[in-house]
Every structure is written in structure tokens, then in C-alpha cells.
Visitor: 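Quick one: this structure, given as C-alpha cells, is what I'll be asking you about.
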Amino acid sequence: MGGYGDVQMLNEDGTRMDGRRPDELRKIEIEVGVVPVADGSARVQWGTNLAIAAVYGPMEAHPRKISRQDRCVLDVRYNMAPFSVTDRIRPGFNRRSREIGKVTANALESVVQLELYPRSKIRVEIEIMCAEAGTRCVGLTAASVALADAGIPMTDMVVSVASGKVNGVVILDLNKEEDNYGDADLPMGILPNSGELVFLQMDGDLSPEDFQEAWDYNMGAAKEIHEIMVAALAARYGGDD
Amino acid sequence: MGGYGDVQMLNEDGTRMDGRRPDELRKIEIEVGVVPVADGSARVQWGTNLAIAAVYGPMEAHPRKISRQDRCVLDVRYNMAPFSVTDRIRPGFNRRSREIGKVTANALESVVQLELYPRSKIRVEIEIMCAEAGTRCVGLTAASVALADAGIPMTDMVVSVASGKVNGVVILDLNKEEDNYGDADLPMGILPNSGELVFLQMDGDLSPEDFQEAWDYNMGAAKEIHEIMVAALAARYGGDD
Amino acid sequence: MGGYGDVQMLNEDGTRMDGRRPDELRKIEIEVGVVPVADGSARVQWGTNLAIAAVYGPMEAHPRKISRQDRCVLDVRYNMAPFSVTDRIRPGFNRRSREIGKVTANALESVVQLELYPRSKIRVEIEIMCAEAGTRCVGLTAASVALADAGIPMTDMVVSVASGKVNGVVILDLNKEEDNYGDADLPMGILPNSGELVFLQMDGDLSPEDFQEAWDYNMGAAKEIHEIMVAALAARYGGDD
Amino acid sequence: MSIPLVPGLLRDHLRELSERDERVDGRGRLEGRPLEVEVNPIERAEGSARVRMGDTIVYAGVKFQIMTPYSDRPDQGGLMTSAEIRPIAGRNWEPGPPSEESIELGRVVDRGIRESGCIDVNKLCILPGEKAWQVIIDLHAISDDGNLFDAFALAAIVALRNATLPAERFDVGEDERLELSCTPIMCSYHKVGGRFVYDANGEEELGGDERIHITLGDDGHVHSLQKGLRGAFTSEEFNDIMGAARARREELMQLVESLEQD
Amino acid sequence: MSIPLVPGLLRDHLRELSERDERVDGRGRLEGRPLEVEVNPIERAEGSARVRMGDTIVYAGVKFQIMTPYSDRPDQGGLMTSAEIRPIAGRNWEPGPPSEESIELGRVVDRGIRESGCIDVNKLCILPGEKAWQVIIDLHAISDDGNLFDAFALAAIVALRNATLPAERFDVGEDERLELSCTPIMCSYHKVGGRFVYDANGEEELGGDERIHITLGDDGHVHSLQKGLRGAFTSEEFNDIMGAARARREELMQLVESLEQD
Amino acid sequence: MSIPLVPGLLRDHLRELSERDERVDGRGRLEGRPLEVEVNPIERAEGSARVRMGDTIVYAGVKFQIMTPYSDRPDQGGLMTSAEIRPIAGRNWEPGPPSEESIELGRVVDRGIRESGCIDVNKLCILPGEKAWQVIIDLHAISDDGNLFDAFALAAIVALRNATLPAERFDVGEDERLELSCTPIMCSYHKVGGRFVYDANGEEELGGDERIHITLGDDGHVHSLQKGLRGAFTSEEFNDIMGAARARREELMQLVESLEQD
């Protein structure tokens, strides 16, 4: 959270600089099957964010050190392309990416039926090709669709979205400027069928009341995003949406 | 060895700036069993040096590449905490620490009865939490007590201490200022029962006569330190000291 | 290729600054068996270039990950000693060296009868001790002789040499100054018996005609270098050359 | 960190205890382990703390360095938190580059402190555009019997509250205490045997599911959250532990204030 | 990159196809796969391209940074090309430090561009001895079904031809298009079943022998060559593919010019 | 370095030889192997030496760089010694990051030179606070048949004694010889078959126990000691080899002086 400066991020009529209402999402487009050599894949365009996720496996888990007798290992990587942001990112080890990869893996492990594939590994690769704000949510959403495309059994899909606070007002799905000048960010990973959470982070400063409002915004938006995910899979597999 | 400048490190009456005689040790306190999750451990406070050592094992040696058919492998690490010195040390690869880890391992291998545990590994972890001067001796002493606490069979304990030379005078157990302005440092690892050596380094400039004096100081001090080590173990196990 | 500046690199009579004709090699000396502990080795002095190559193996290939059921693995390293050039090279990871190691390995794999040693490994170590220009050719030539010295069956030797272009004229075997001010460099790895190529790189700017001339210079020089290689082996093994 | 095999037996045992509302070491569901805090045990650090929670023991050490402010923030100093879980801390911690576990530990503790705004980075400026203080918090685990997160966060805030800016050593004025505007405190809850417990020990961590880390500031505001590990939870479960965290924060705040040195 | 086992069956099959002058996917010996090029798909990059050749998909992104010129070349900027083959690109690409394959890829594409002189490093100078532009081309593979070399080289040159120097953002003048003096294009030939084919796909790469990469400039000049992998070839074979490359370059040049944006 | 299995047979054999006061290659207990030293074999280095002791062959190369003096020592240059045992040197040396063996080698040779004070770091200063010479000694093993320590130390001191400061190339004056105030020389003793021998070869190293490295200066002063490997020794044993080292140093000193170039 940048959180400093007095830049005004809201119009007088309560709308946002990009014209959205406080509880309105950016435009989201999802396409399935975009990495021909992978077992499953998805492209998510979310505002100017662009994420591509691919799934390989299940395959034999090696080295043996990482193999588990009783279940499958999810090997999840989150990476930002060097040209995905204004100031180029050097390739290589990156603590932020490692942490996001870990919490993304934890979220997906909560829905993938790992016990079906003992001693196996499923690789989930998330590449952020263009970044605006909320890339971890965009990446987790893309990974969830790619797993479905790969036919990996899951108890539910994971829908991910963030809310935050700017100029004292709670808003849904911050864009880059809002994120830069915002006071808080609350990204969540939600199971649309059960309403349970499998991913949760938060940074910044939220009073109990603001916190509840941001939470509720995310819960509401999850349904909307879930429909787009289902439609993208249906478009590929000809199911009804 | 700093070895430059004309700073006076001795008082006119032959005592040192901290009041010690030339052949007097700093204050040493040893406590056993300070790492509850380890198989053996020791804390050594030596002047303002603070070292904590822990022992894990014997356990199966893996990866197989390091395993030995005929004996146990001692895996020794020496590390200085980032905040243990005036100018913070960056975590990570460090040639000095690697070398001290190696010579410490060589010293301990000379007393641990490695042949009793073929294909096994014993891990010895030495952390310097606060450093004054002589940390390699403090760490080796702590490791030796931790191994005893873990019940690892040894032919003898290793007692480690250094002497050096400041302003032309040979002195025992240099403190930080003496080390900074000293001309030489001779750390040794001594077996108190046999009088043999298992660790020896030296840096600086010592004439044959000064060298012998420093050697004798160390030999004498080893007895004194050994008593403190034995007392610490007895305090935990109720044996007689 | 430096390729800029108007420095004159040729004399008015068509000879080069070091007195050579355009199609004349620098002086080459080869000695076999210079690394006593290796299975085969060679030292090549080529102008002021000095390369030493050693071969170890065939030996068991491990880790198993790299082992191949049907053939031997060639593990080739190319390295420049820190003091081999005017500005010291830091030891450690180096993209240029890694690439040269790879193309050198590819060249040697084309002649070594790898199928004779399944599940095995042959190590080829090339050290550039002093560098002028053309070190990759010097190293590949040294490695080829070292493999022969080790008695590794090969379908042919690899002879390596480069031509280039300076001040608009195609010349053979550029020295350091010529390389610095040259417009192009065409190193090749040639099998003297069949005339086939197993190594080819090129950088710079060559018209189709110049390209052909450089190609032909290399082909011609390969015969000459091959004789020196054979003589060096004969000198050690007493065969006729 | 190497991954130990979790015996199904342990998970079964923890579930049975949970059904009787018991814990493996006899504690209540929201009860912490015995807690010891030592202030400034490290003479070379500018601020330090040792925290023991049951058999978990950690140190935090604060060091200061002079930095050149970033060109887009010429009047600000910096803050860095680094967690190094060295293999002394337990059988399963291995040497080598930082593991994902230690990266997450360092970053979650860092965010709790950073996002609370307790350190005013503007006050760390010495000479705009030229010199500012960088605060470095190093977290060092000695014995890991579970819940390193809370132990590190508590050690870090105690070390910061008792740290002195070494201005004389760097020749930029007189030594003075580091000022903190609030006191962020982390409380972690781990799902063990199907329900969330506070301050899980090593055995509970091994046989448990997801955990949630909550960092709260002075005024009940939330500054940082993190859900770790595999598992799903409901809004009701979250509300329950958020309430527990608010209560526990007050208790820990009293402890921290009682430790103050002058 | 992990090394997959190559079934002898595949090599046999490719050899039989070759004897009938056929290819595994029905193409002619010198025929490329269907080609799609998208210009500037990445909003944050200063120039970018997406290239699809059959099931091979790659991106190139151009970024600019301000650098201090090297002291021995005070009036020159710099150029850097980096290929990162992340594990998304295929089953055999592994995470970790750059593999030899990706190092070779980056360096061969880099040399083709650098040695053609298409970027005049003197024009990258902003203030001699103090400020110059550094051009960074990052190559990113999304799906590897063979011939990443040509896909990367094509994406790189298209991204460069459509790149804008972000002078306003760095406060050094007005934004302007990067000027290129020529258009180096790479054509790669792979020996499959005993003869060289153009634009090998993944299966052909797996069962093939050596490959040769040829980069040609506007005037028929050769700027870069690289022979990769195990295998020997004759002068005649080389002359054959060099001729094919000259013809193919003209076709690709027309495509590249047709994409120009303004 | 990979650890070869030591056959008990070898240790038994070495012990039997020792009991007859013999060595595996027929030498006396304190006798060195045939020694060859070549001065300045490397044209690009500012000073260099090649040392052959039996089948052990090493090079040392000296390079100079311009450094900015450290702020707390504005009138001093620097010295760095780096040992890189690349896999060319023998079957058991492996590629990768520096092994503990090579770190110890570099540091022990470095200390012998540094602590003798033979290089006066004050004389390396060119312009106080701004420019000073950094001396870099790179040690490079070509063939390891035991006792790299002594071979490296001898090559290093010969390379230094024959090194020229390249002042003209750096535009800071005229080239001149590096001045050394004394000549530290290392002698290493290895316990083989129960007694210490001088200049152990590879087989003796493999079947031996601890080793002791002694660096002596011109005046009989001790500058550096290091005990390596597993094993214990008595004060009497140490006095014995210290005496031997003093005698051997004189012989080696004569050799070094006889090599001087002008």
C-alpha cells in the first residue's frame, strides 16, 4: 500500500476515476486452451492485467525427496515477465513471487483432490505477462480455470478477487492508480459453491467496519466472476452456461 | 590481525585495559540443554561472546552421496547471526564461516567415535549470537559440550582457547580491542586428558620464543575451562564435578 | 566484433601487422600428456593463446538423471583462467563460457563413438590459461587431441580454425588486434578426412563472396593444423607421422 | 524445510482430542503456552529480544545502517525484515537458500510492522536526498516447537520498542530511542482436529491444516492477514478467531508495556 | 531442460518419412508452419510481439532503461537480449538457473540483432559520458513445439520495429520510435531423417540431429551462424540451406513490413 | 570435491611402510618431490608462475586492479587470494560453487602472505582516499597429486616477486616491479601411517590423517598455521615438524632467489 499523498481518487458523484461504481469489477475475459502443449491452460485478461496459466500432469513426482506416499504434490509457480511492469523486473529469484506461489499453491491444494494421485505431481505455471493491480487474484483465477481445463478433479473452483480502501472509501477490484494511493488491500480466494475461503491476505489499515464491507464486496463479486469462468470452460467444451 | 597503530593496550602495572592479568581468562558461563527440540545443546557466554550449539542425531545420512559405509558423518555448521557484530552481516554464503565450520568439524571428528554409527549423520549447529573476539574457540567449546549433552561417545572433550600478542606482550584470551590492535592470534583445540591437539590455527607474527609462551598459556588455560565444562554437564545430570 | 574505428590493420604490401600473409596461420605448438593425473591431455600454444585440455573417463555416469541407456554422455567444460586476459575475469557462472562449452560438446559428440559406452560419462575439461583471439578454436583443438591421447574411439579428429575480415580483406586466423578491429569472424570445426563440419559459428557482416573466401581459407588451413596434431600424438606414441 | 511424513495416527489422535475439546498438551483451545520475554539480550544489536513460548525460542535483533534515500522518496528511510531459519532450529530445517517457509515468515512479520505504520519512515530521514536510517530486523530461530510466526512478531516489536539509533557511531548526532507510533501484535490460529486453536505447538502444526495470522494495531484496526497451508474455512470460523485475537492482543500489549526499559 | 528419452522408433519413423520426402505433419521439406504475428500485445512494454508458429507460441518485450555509458565508449548506449524459458513452455522445461539451452537461445538471437548493426548504439546516446538508452529485449516462451529460435528472433525484431523510446517518462525529451537501419531475420534448419528441413516441430527436434541457424540482413549479407547439437554436415548441405534461407528471408521480410503500425 | 572411498588396504599398506620408515614412492620422511618452477609463463598476467612438484602442477597469476580505498583506511590498497580448483585437476574435483577444500586452500595461502606483511598495503596507495592498487592472486590447479597447499603458496610468492604494476595501462605513472619486504614460505606435513611426512602425494593424502601447514618468514618468525583434517597430535610431534619446516624453508628460499628475473 502506498498510502501517502492526498491524491483524489474518487469523483464527486461517488464514481471512480475510470468511471466504475465502488462495487464494480474491471472487464474480465477468459479463454481456455491457450497453451497447446500443456494438459490444460487459460488466459485471463482482467483490466490490463494479462495472465496465462498452464497445467502439466499428473506425472511421476521426482526427485523422490518431494514425492508423497499418500497424495499428489502441487508444484505451483507464479512469475512476472520482465516486461510486465513499467520498470523491468530482472529474471531470477524473487521473494515476492515465491511467497505468492506458495499461498496460491495452498489455495489450490484446498480444492484439488490430491489423494487420487499418490506419488504424483501436478505442475501449475502462472505467468503474469502484463500487470496492473491484483495480479495474484488474476493468476489464481487463471490457474483454477487451467486445472479445470486439464480435467483435474476439484471439489470446487477457486474464485479470487480483492477489495480495498481509497480516500476513506471501500472499493472493489482496485486498479493501478487506486492501488498506488490506497490505504488497504484485501485479496481473497473464495469457493463459489460453499462460500468458504481458501486464500486470504490483507495489508494496510482497515477498521472493523471497513473490513466487513470489503469482505462483503469480495463475496458478492465472486459469483459474477465464477459465471465468467464457467462460460469460458463451456465455450471450449460445449456445455451449457 | 589489525596490527597497525600505536594504541596502548596495557597498563603500566602490566595489567590489561579490562583489568585482567596477561594469563587471565574472561568470565565464562556454560549452560546445557538450552535448545529443547535438539538432542543436545549448550549456551556459552564468554566475555560478551554468546554462542549456542545444538546437536541432532545420529540420524540416517542422506543424500546417499555423503553417506559413508564405515562411519558416521559429522555435518558441522558455524554461523554468525546478522546482529552479532557492530556492522550487520548479510545472511548467506560466507567463506570465513565455511572455513571455520570445516576446521571445527575436523577437530570434533578427532574425538567423536564415528565408527560406532556407520551410514549415519550427526548434525552440529553453532550459532554465534553475539561476538567479541575468539568466536571460533567459543563455538568449538559449545559444540563439544552439546555433543556430550547429546550422549555422543567421545574419546575426550575438546577445549578451545586462544592466546596472542599485543604491544609486544603475549597475553591469553584476547578481547575485541586487544584483537583489533594485536600482532598475532594462536587459537588451539586441546584434549584435556591427553594434552593432544585437534585444532590449531595461527595468524600474525610471532618469534619462536613468543610462540612458545602463547602455546603454554593455552595449555594452562585448557584445564581451567575444562572444569567449567564438566561442571555445566554435572549441573544438568547431577554427576559429581 | 568491434567493427568500429578506422585503424589500419594491413600493410601496403598486403601483409598483416605481424608479418603474416592473409592466409597464414599463427605459430602452433602441441604437446600431449601434460596433465599427469588425467586419462588424456594436451597443451596447445597458438600464438600467445595457451589452452590445456584434460580427459577423464569413461566412468560411471552419475547423478543417474544425466545417465543415458544407449550411449555415453560427454561432459564438456570450457573455462578461462582469471588471469588469462588483460582485465581479470571473475570466477563463477559465465554465459559466454557456458555457450562455448555447449557448442564444443556438440562438436565432439559428433565424432566420439558414444554408443560404445552406454551409461557412462567422459569428462572433457578445457582451460584457457592465456587468451589472444580464437580461444574457442584453440580449446576445441586441444580437446580433440586430449581425447585421442585418452584412447577414446573417434570417427575422425576435429580441427578448428577461424577466418574473418579486417579493413575489407578476408584473412585467416585473426590475432587479438585484428579481432578487435575486425568486421566478422567465422570459426569452424572441420573433420580432416571427410571435409564435413561439426562446429560452425559466425558473427559480423560478410557478403556472400567474402563468406565463401573465409570458408575456403578455413578448409585449407585445417589440413595444416591436422598435421601438427598428428605429429604431437606421434611424438608421444612413436607412431609415424 | 524437509517435509516429514505425517502419520495418519497423529491426525486421528488430534481429531479425537478435538472432539473432547482437549489439546495434546492439556491447554484450552485459545490458551497460549508459557511465555518468557527477555529485553536486549544481545549486546551488539541496537535493540533485541528473546522470546520463549513453550519450547519455541527465537531472537530478534535490530541493526541500523545509513542509506541513500530512493530518488522518488528523498525524505524517507527504510525498513527491512529478514527471517533466517537456520538448521539449529530443528530436525527438519535444512541449510541452503531461504526456503518458502522462511520467506513467508519474514514477509508476514514484515507486513504486520510495515503496514501498521508504527515506524514513521519520514522520521528516519537524516538529510533529505542524502542520508536516512535503514532499520533492519533480523529474526533468528533457535528452537522450533511450533508457531514461529507469533514468536518472531513479538520478538520483533519488543526489539524495536527497545532500540536505540546509534547516531554517535555514525557521526550524525546523539543516540536516541527509536520512536514507535503504535504496537502491532500478531496472533495466529491453526486448524487442528477440525477447529481453530491458538498458538499451536510443533505436534499440532504437523497434524493440522490451515492457519491464519492476524496482526492488529492499537485501535482494533486490522493491519495484516495471511492464510497459510492447505484448507478451507468459513466466514463464521474467521469471525470467531478475529474476536479471540482482539482479546489476546490486549493481554500481550500489557506484557509488552511491562517490559519497557529506560 | 530435462532430457527426454528418444525412442529409436521415432528416429526410424522420421527416416522412413524422409526417404519418401515427407514430414511428420505433412509439410514440404522447406515449408514453414502457419504463422501468426501480433504487434504490441503487452501494454506495459515499450514494444512487444506475440509470434505463433504452429503450436509454438512466444512473446518478446522491449524495455528501455537509462544507463551510464561505459568509460571507453562514452557516446554509446547498450543492447541486451535475455531468453528465459520458464517451465510453462513445456513438460521438459524445468525451473532453476538458466539452462544451457536457454543461454544458447538468448545469445544466438542477440548476436543476430547485434551483429546486423540494425540498432545504432551511437544514436542511443542522450548525453555523452552520462546518459544513454539501454535496450533490453526479453524473450518469453509460452508453448514450445519446436524451433523457439526462429520464433524468438522474429518476435524480437517485430517488437523492436514497433518500440517507442519512453523519453517523457524519463524526462529526457519527447517519445519517439526506435529507429532500425535493417531487419535481420533468422531461418533455422534441422537435420531430420538425414536431410535438413525448415522450421522443425517438437517431434522432429526430438528425433533429429544437428540444426543450423542463419541470420541474414537486408542485402543478402550473413550476420550470424550457429550450428547446434550433435551431427556433421557437408559444404553442399550448407550451401543448400543457405540458398533456402535467402528465399525464406524475403517472404518473412514482407510479412514484417506488412505489420508496421504508426 | 567428491569423497573417494579409502580402502582399508591402503591405510594398512601405508602403516607397514611407515614402520619400516619408508614411503610409497621411496622418498625419505622429510624429502620433497622433484620440484620445477617456471617464472612468468602467462603473458597476460602481470606476474605468474608454474610449479610442478611430482605430478602436482599448478599456476598462480597476479593481476592488478584500481580500487577506491575503504573509507576507514584511505591510504591502503588491498590484497585478495582466490583458489579455484576446477575439475581439470583430478577425477574427484567437481564443478560447481567453491568447495570447502578450495575455500580452505585459498584462505590458508592468503593468510600466509597477508600476515607476513610482505606486501606493504600502504605502498599500494596511489591517491589517498581515491585510488589504490588491489593485488589479486589467482591460484589454478592443473593436476592434483597431493599437497596443493605448498604448490600454491610457492607459485603465489614467485608470481608476486616477479610481478609488475601496470601503471602505464591505467595511466597512473610508470610500470614498476612490485616490492616485497619478505618471503613467506609454506611447508606442509601430513600424518601418514602414524608419523608426519613432508610433501605428501595423492596416495598418501588419501590414506593419511591430519595435516599441518606452517608458513615461516625471513627471520624464523611464524606467520600462519593451520591444522586440517581429522586427527590429534602431540606437542612433541609439532616441535619436530616445526624444526623440519625451518630447515626446508631455507632450501626453498635459495631456489626462489635463484629464479629472479630482472
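Chain identifiers are assigned alphabetically (A, B, ...) following the order of the sequence lines, protein sequences preceding nucleic acid strands; residue numbering begins at 1 within each chain.
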Visitor: Provide the closest heavy-atom pair for D:Asp55 versus B:Val37 in the form atom of the first, atom of the second, distance.
Guide: O-CG1, 4.2 Å
Visitor: Considering only heavy atoms, which portion of B:Ala81 lies under 4.5 Å from any heavy atom of chain D: side chain, backbone, both, or neither?
Guide: both
Visitor: Just by distance, do the side chain of D:Lys63 and the backbone of B:Ile89 share a donor-acceptor pair under 3.5 Å?
Guide: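 Side chain of D:Lys63 to backbone of B:Ile89, a donor-acceptor pair under 3.5 Å: no, none is there.
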Visitor: Highest number of heavy-atom pairs under 4.5 Å with chain B: which of D:Ser143, D:Gly54, D:Pro166?
Guide: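 If we count pairs closer than 4.5 Å to chain B, D:Ser143 comes out on top.
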Visitor: Decide if atom CD of B:Glu60 counts as having more than 12 heavy atoms of other residues, nucleotides or ligands within a radius under 6.0 Å.
Guide: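 Open.
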Visitor: Of the listed residues (B:Asp39, B:Ile126, B:Asn79), which shares the most heavy-atom pairs with chain D below a 4.5 Å separation?
Guide: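 Answer, by heavy-atom pair count under 4.5 Å with chain D: B:Asn79.
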Visitor: Let me know if D:Ile136 has heavy atoms under 4.5 Å from chain B in its side chain, its backbone, both or neither.
Guide: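 The answer is the side chain of D:Ile136.
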Visitor: Name the option with the most non-hydrogen atom pairs under 4.5 Å to chain B; the candidates are D:Gly202, D:Ala45, D:Gly90.
Guide: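 If we count pairs closer than 4.5 Å to chain B, D:Gly90 comes out on top.
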Visitor: Below 4.5 Å from any heavy atom of chain B, which atoms of D:Ile57 appear? Answer side chain, backbone, both or neither.
Guide: side chain
Visitor: More than 12 foreign heavy atoms under 6.0 Å from CD of B:Glu115: is that the case here?
Guide: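 It does: B:Glu115 CD has more than 12 such atoms within range.
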Visitor: Around D:Glu203, counting heavy atoms of other residues, nucleotides and ligands shown, do more than 12 lie under 6.0 Å from its CD?
Guide: no
Visitor: Does any heavy atom of chain D fall under 4.5 Å from the side chain of B:Val35, the backbone, both, or neither of them?
Guide: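 Contact with chain D involves both backbone and side-chain atoms of B:Val35.
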Visitor: Can you tell me how far CE of B:Met129 sits from NE2 of D:His140, rounded to the nearest 0.5 angstrom?
Guide: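 With rounding to 0.5 Å, NE2 (D:His140) is 4.5 Å from CE (B:Met129).
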Visitor: Among B:Gly57, B:Ala38, B:Ser84, single out the residue with the greatest number of heavy-atom pairs under 4.5 Å to chain D.
Guide: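 Looking at each option in turn, the highest pair count goes to B:Ser84.
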Visitor: Inspect the surroundings of CZ in B:Phe93 and state if more than 12 heavy atoms from other residues, nucleotides or ligands are less than 6.0 Å away.
Guide: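 Enclosed: over 12 neighbouring heavy atoms sit under 6.0 Å from CZ of B:Phe93.
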Visitor: Starting at CD1 of D:Ile142, measure out to CD of B:Glu127 and round the result to the nearest 0.5 Å.
Guide: 5.5 Å
Visitor: Measuring from atom CZ of D:Arg44 to atom OG1 of B:Thr48, what distance do you get when rounded to the nearest 0.5 angstrom?
Guide: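 Here the interatomic distance stands at 4.5 Å.
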Visitor: Using non-hydrogen atoms only, which part of B:Arg88 is less than 4.5 Å away from chain D: side chain, backbone, both, or neither?
Guide: both
Visitor: Is the shortest side-chain N to carboxylate O distance from B:Asp87 to D:Arg169 below 4.0 Å?
Guide: yes
Visitor: Against chain D, label B:Val124 side chain, backbone, both or neither, depending on which of its atoms sit under 4.5 Å from a heavy atom there.
Guide: neither
Visitor: Using every non-hydrogen atom in the two residues, find where B:Pro36 and D:Arg52 come nearest and quote the distance to one decimal.
Guide: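 Residues B:Pro36 and D:Arg52, closest heavy atoms: CG-NH2, 3.4 Å.
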Visitor: Measuring heavy-atom distances to chain B, does D:Thr56 have an atom under 4.5 Å in its side chain, in its backbone, in both, or in neither?
Guide: neither
Visitor: With a 4.5 angstrom heavy-atom cut-off, could you sort out which part of D:Glu43 is near chain B: side chain, backbone, both or neither?
Guide: both
Visitor: Could you check whether any side-chain heavy atom of D:Ser82 comes within less than 4.5 Å of a side-chain heavy atom of B:Pro82, counting everything from C-beta outward?
Guide: no
Visitor: Roughly how far apart are B:Ile52 CD1 and D:Tyr59 OH, rounded to 0.5 Å?
Guide: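 OH of D:Tyr59 is found 4.0 Å from CD1 of B:Ile52.
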Visitor: Return yes if some donor-acceptor pair links the side-chain N/O of B:Tyr56 with the main-chain N/O of D:Ile88 below 3.5 Å, else return no.
Guide: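 Yes; judged by distance alone, with no hydrogens or angles, the pair exists.
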